[in-house]
Amino acid sequence: MKIDILTLFPNSFTPLTESIIGRAQKNDKIEINVVDIREFSLDKHKKCDDYTFGGGEGLLMTPQPLFDCIESVLDDDAFVIYLSPKGKTLNQSVVQDLATNYKHLVLICGHYEGIDQRVIDTFVDMELSIGDYILTGGELPAMVLVDAVARLLPEVLGNDQSFKNETFKDNLLEFPQYTRPSEFRGLKVPEVLLSGNHQEVEKWRKQQSEELTKKRRPDLLKEK
Ligand code: 4GN
């Protein structure tokens, strides 16, 4: 998958060079291009923001640099996403859909009060929010989206290819997990997990998942 990230703050994206996402890029499982919107400004001072028509506090990102920047990365496969608190809330099924059905994502990161509506109306295929809170820019949401999508792509997770038993599979929270030792400071691992009885283990895990989800995230059960 190819992901273009359009931003006024390209230096924000160093975290994507680390760990699993860094390795996925080196191994050509994903190609991430961070594109500096400012370089497309035709203004003599490379200005990219201005006051809003109709009044009100704050600055808005102007259309010209964004139009030219977006057009420079567009192709027939491009799916353009604007990260915004007004968007559809991101969840694992949206992530799954993006990872499975798209080969080129274009992520637009807004700053200040956001971007001119004409950019959204002309290019944006989907507005996405990572949750009901406001951040100073769309850069962190873009990184959240990249991370969540990338780990579902073929061969990105190495050994710990563990999206079989995990949280949000079937809209259930994951069961508690334990590793060695079987007793630590007097704290014991549940007996059933040491029994070697695979059927009993599966039954226990399913029951734990259901109880936890009912208690903590009943909203997930309603979505089923
Ligand atoms: C996205 C962008 C939060 C989110 C953002 C979110 C950038 N804050 N919840 N800040 O996904 C328009 C107004 C773009 C806020 C600005």
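Order of appearance sets the numbers: ligands from 1, and atoms from 1 within every ligand. When a residue number appears, it is its place in the shown sequence, counting from 1.
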Who are the ring-ring contact (aromatic ring centres under 6.0 Å, His included) partners of Phe9, not counting sequence neighbours?
His111
For Asn171, check side-chain hydrogen bond (donor to acceptor under 3.5 Å, both in side chains) against everything at least two apart and list the hits.
none
Linked hydrophobic residues, Leu194 as query - side chain contacts closer than 4.5 Å
Tyr178, Val189, Val192, Leu193, Val201, Trp204
Neighbouring residues of ligand 1, heavy-atom cut-off under 4.0 Å:
Tyr82, Leu83, Ser84, Pro85, Gly110, Glu113, Gly114, Ser129, Ile130, Gly131, Tyr133, Ile134, Leu135, Gly137, Gly138, Pro141
N/O donor-acceptor pair under 3.5 Å between Glu113 side chain and Thr52 backbone:
no
Donor-acceptor pair, side chain of Ser41 and main chain of Lys47, under 3.5 angstrom:
yes
N-O pairing of Lys29 and Glu155 below 4.0 Å
yes
